[in-house]
Amino acid sequence: MLFDSYKLDSKKLDNRYVVAPMTRISAEADGRANDRMKKYYQRFAKGGFSAIITEGIYPDTTFSQGYNNQPGIATDIQADAWKPVVNTVHDEGSIIIAQLMHAGGQSQGNAYTDETIAPSAIAPKGEQLGFYGGSGAFQTPRAMDDQDFLEVKEDFVAAARRAKEAGFDGVEIHGANGYLLDQFLTDYLNKREDEYGGSVENRLRFVLEVVDEILAEVGEDFIIGIRISQGKVADQTHKWAGGEKEAEQIFGALGKTGLDYIHVTDGDATAPSFGEGSKTLAGAAKTYGGITVIANGQLQEKERAESLLDSGQADLVSIGTGALANPDLPNKVRDNVELNAFDFEKILLPQAEVKDHELDAPIRK
């Protein structure tokens with residue numbers, strides 16, 4: 001099953017393996033992708049992954065950037081810098097999808113402003129991540145006004161258009177992990193009293209508006225997906241208050257938009273996500289969304305990944321830390337070669353930038 005082909009929109013994937021988006025803070029200070037990033041993404045394509053989803057890319061030059069040395073696609077210059085990365089991945093026979101990410105109140109490094117914006121003036125829980133260059137508590141953001149709503153949507157659409165022009169095969173809208181769109185979905189971060197707050201329907205409204213406008217602009221012959229989670233970077237155990245019923249509302253609405261896929265991430269993709277005996281997050285997305293589902297969460301082991309595919313809970317699996325330790329993971333699994341364990345300190349400390357030893361390690365082809 002893992003090595004069966006799959007049709008994602010108009011693209012044929014040779015297997016079910018996808019590289020998950022992972023922040024690596026290795027771009028130039030002005031947000032341009034560079035040669036180090038090209039080599040980094042090339043290795044996954046050489047290693048057998050049929051599709052690659054990039055790290056989160058910021059879409060504007062105001063409030064969206066989340067980390068220093070994060071890549072952007074907010075300008076034509078930044079978009080052009082992605083072209084060698086895209087071309088290299090295509091040359092190796094894989095597709096590449098740009099993840100568009102607005103950090104919102106969870107930003108901890110922005111070259112354009114010291115201010116953050118969010119649905120409400122409520123700081124995220126937890127503390128900034130040291131290996132991504134942050135320290136201390138998150139600042140309290142400014143609550144978004146009507147102009148912010150308009151500009152954020154316009155910037156997402158413009159970034160998607162630049163991604164298409166740069167040669168990407170699609171975009172993934174980042175609606176997970178505590179970033180801006182997920183902040184709208186999160187009851188304790190969204191205390192708005194207008195049409196964007198309160199009920200699940202209202203908290204989902206802005207997410208759907210972003211999705212609809214991107215689809216209207218670039219949806220033809222271009223993959224459009226969304227990433228969804230319950231947990232967050234700084235609050236990994238968070239669960240939706242409405243449990244599986246809330247999941248039904250969220251995934252049901254997303255499935256009706258025209259999106260090509262829903263990408264769900266959980267601590268353990270094979271575990272019940274809403275309490276004992278409940279569905280996995282992937283299973284809920286598949287049942288209620290009814291479209292292609294990419295599952296993420298400790299799926300580097302062949303048996304665990306195949307269990308989700310064979311049971312129909314997911315169509316594709318994305319690999320994060322397992323791919324960092326094994327950029328050639330699909331080829332190793334194919335050849336029954338033992339996988340490397342993920343070494344957090346070696347790969348992500350003291351900072352999470354791409355390191356020489358990662359680029360120099362041999363790749364199984």
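For clarity, every value in this text was computed on a predicted model and none was experimentally measured.
- Using a 4.5 Å cut-off on side-chain heavy atoms (C-beta onward), Ile25 and Gln351 make contact.
- In summary, the aromatic rings of Tyr196 and Phe149 are positioned with their centroids under 6.0 Å apart.
- Atom NZ of Lys256 is surrounded by 12 or fewer heavy atoms from other residues, nucleotides or ligands within 6.0 Å.
- We find that Glu195 and Arg203 are not joined by a salt bridge, their nearest charged nitrogen and carboxylate oxygen being 4.0 Å or further apart.
- Linking Ile, Leu, Val, Met, Phe, Trp and Tyr whenever their side-chain heavy atoms come within less than 4.5 Å leaves Leu259 and Ile95 in two separate clusters.
- The environment of CG in Asp194 is crowded: more than 12 heavy-atom neighbours from other residues, nucleotides or ligands sit within 6.0 Å.
- A 4.5 Å side-chain heavy-atom check between Ile73 and Phe168 finds at least one atom pair inside the cut-off.
- Classification of Glu217 and Arg161 as a salt-bridged pair holds, one side-chain N sitting under 4.0 Å from a carboxylate O.
- When atom types are taken as modelled, the side chain of Arg43 and the backbone of Leu359 share a donor-acceptor pair closer than 3.5 angstrom.
- The OG1 atom of Thr88 lies 9.0 Å from the CD1 atom of Ile96; values are rounded to the nearest 0.5 Å.
- Between His263 and the options Ile53, Leu316, Ile228, Ile226, a side chain to side chain contact (heavy atoms under 4.5 Å, CB included) holds for only Ile53.
- Under the 6.0 Å distance and 45° angle rule, Lys279 does not count as a cation-pi partner of Phe274.
- The shortest side-chain heavy-atom distance between Leu180 and Val152 falls under the 4.5 Å cut-off.
- Residues Phe138 and Leu181 do not share a hydrophobic cluster, defined by chaining ILVMFWY side chains whose heavy atoms lie under 4.5 Å apart.
- Rounded to the nearest 0.5 Å, atoms CZ (Arg304) and CD (Gln298) are 6.5 Å apart.
- At a cut-off of 3.5 Å, with distance as the only test, a side-chain donor of Tyr58 or Gln78 sits close to an acceptor on the other residue.
- Applying the side chain to side chain contact (heavy atoms under 4.5 Å, CB included) rule to Asp145 yields the partners Arg142, Gln147, Asp148; only residues at least two apart in sequence or on another chain are considered.
- Within the 4.5 Å cutoff, the side chain of Val333 has heavy atoms near those of the Phe3 side chain.
- By the rule that hydrophobic residues join a cluster once side-chain heavy atoms approach within less than 4.5 Å of another member, Tyr40 and Ile363 end up as members of separate clusters.
- Within a 6.0 Å sphere centred on NZ of Lys355, heavy atoms belonging to other residues, nucleotides or ligands number more than 12.
- Within the model, atoms CZ of Arg36 and CD of Glu28 stand 10.5 Å from one another, a figure rounded to the nearest 0.5 Å.
- In this structure, a donor-acceptor pair under 3.5 Å is absent between the side chains of Tyr67 and Ser107.
- Cluster annotation: Ile262 is connected to Leu208 through the hydrophobic network of ILVMFWY side chains, with a link wherever side-chain heavy atoms come within less than 4.5 Å.
- No option in Thr61, Asp60, Thr62 other than Asp60 meets the side chain to side chain donor-acceptor pair (under 3.5 Å) test with Ser64.
- Two residues are said to be in side-chain contact when any heavy atoms from C-beta on lie closer than 4.5 Å; Gln70 and Asn110 fail this criterion.
- With Asn190 contributing its side chain and Phe184 its backbone, the two residues share a donor-acceptor pair below 3.5 Å.
- Side-chain contact check for Ser26 and Glu353: no donor-acceptor pair (N or O, by modelled atom type) lies under 3.5 Å.
- Other residues, nucleotides and ligands place more than 12 heavy atoms under 6.0 Å from the CG atom of Asp360.
- Counting only N and O atoms by type, the side chains of Asp169 and His90 include a donor and acceptor under 3.5 Å apart.
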Inset, instruction - I would like to know whether Tyr132 and Asn68 meet side chain to side chain donor-acceptor pair (under 3.5 Å); could you show each step before the answer? - result: CA-CA 8 Å; Tyr132 289 142; Asn68 293 326; over 6 Å; no
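- A side-chain donor from one of Thr186 and Lys232 sits under 3.5 Å from a side-chain acceptor of the other.
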Legend entry - Chi angles and distances behind the side chain to side chain contact (heavy atoms under 4.5 Å, CB included) call for Arg162, Trp82: CA-CA 10 Å; Arg162 288 190 199 96; Trp82 277 105; over 6 Å; no
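- For the side chain to side chain contact (heavy atoms under 4.5 Å, CB included) with Tyr41, the lone residue among Val86, Val354, Thr54 that qualifies is Thr54.
- With hydrogens and angles disregarded, a donor-acceptor distance shorter than 3.5 Å links the side chain of Thr287 to the backbone of Gly283.
- Taken together through direct or relayed side-chain contacts under 4.5 Å among Ile, Leu, Val, Met, Phe, Trp and Tyr, Phe344 and Leu299 form part of one hydrophobic cluster.
- Side-chain contact of Gln313 with Ser311: a donor-acceptor pair under 3.5 Å is present, judged by distance alone.
- Taking 4.0 Å as the cut-off between side-chain N and carboxylate O, Asp328 and Lys365 do not count as a salt-bridged pair.
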Inset, instruction - In sequence, state the C-alpha distance, the side-chain angles, and the governing distance for Lys245 and Trp240, and then conclude on side chain to side chain contact (heavy atoms under 4.5 Å, CB included). - result: CA-CA 9 Å; Lys245 181 62 178 176; Trp240 293 328; over 6 Å; no
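- Contact annotation: the side chain of Lys46 never approaches that of Arg364 to less than 4.5 Å [non-hydrogen atoms, C-beta and beyond].
- Side-chain atoms of Val264 and Phe251, non-hydrogen and from C-beta on, do get closer than 4.5 Å to each other.
- Distance check, rounded to the nearest 0.5 Å: CG of Asn177 to OG of Ser229 gives 4.0 Å.
- No side-chain donor-acceptor contact under 3.5 Å links Gln139 to the backbone of Ala123.
- A salt bridge links Asp30 to Arg32: at least one charged side-chain nitrogen sits closer than 4.0 Å to a carboxylate oxygen.
- No side-chain donor from either of Gln249 and Tyr288 sits under 3.5 Å from a side-chain acceptor of the other.
- Inspection of the Asp266 and Ser273 side chains reveals an N or O donor paired with an N or O acceptor under 3.5 Å.
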Give every donor-acceptor pair under 3.5 Å between a side-chain atom in residues 15-23 and any protein atom, sequence neighbours left out.
residue	atom	partner	partner atom	Å
Asn15	OD1	Tyr17	N	2.9
Asn15	OD1	Ser50	OG	3.2
Asn15	ND2	Gly48	O	2.8
Arg16	NE	Asp4	O	3.2
Arg16	NE	Ser5	O	3.4
Arg16	NH1	Asp315	O	2.9
Arg16	NH2	Ser5	O	3.4

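- At a threshold of 4.5 Å between non-hydrogen side-chain atoms, the residues Thr116 and Gln106 do not count as touching.
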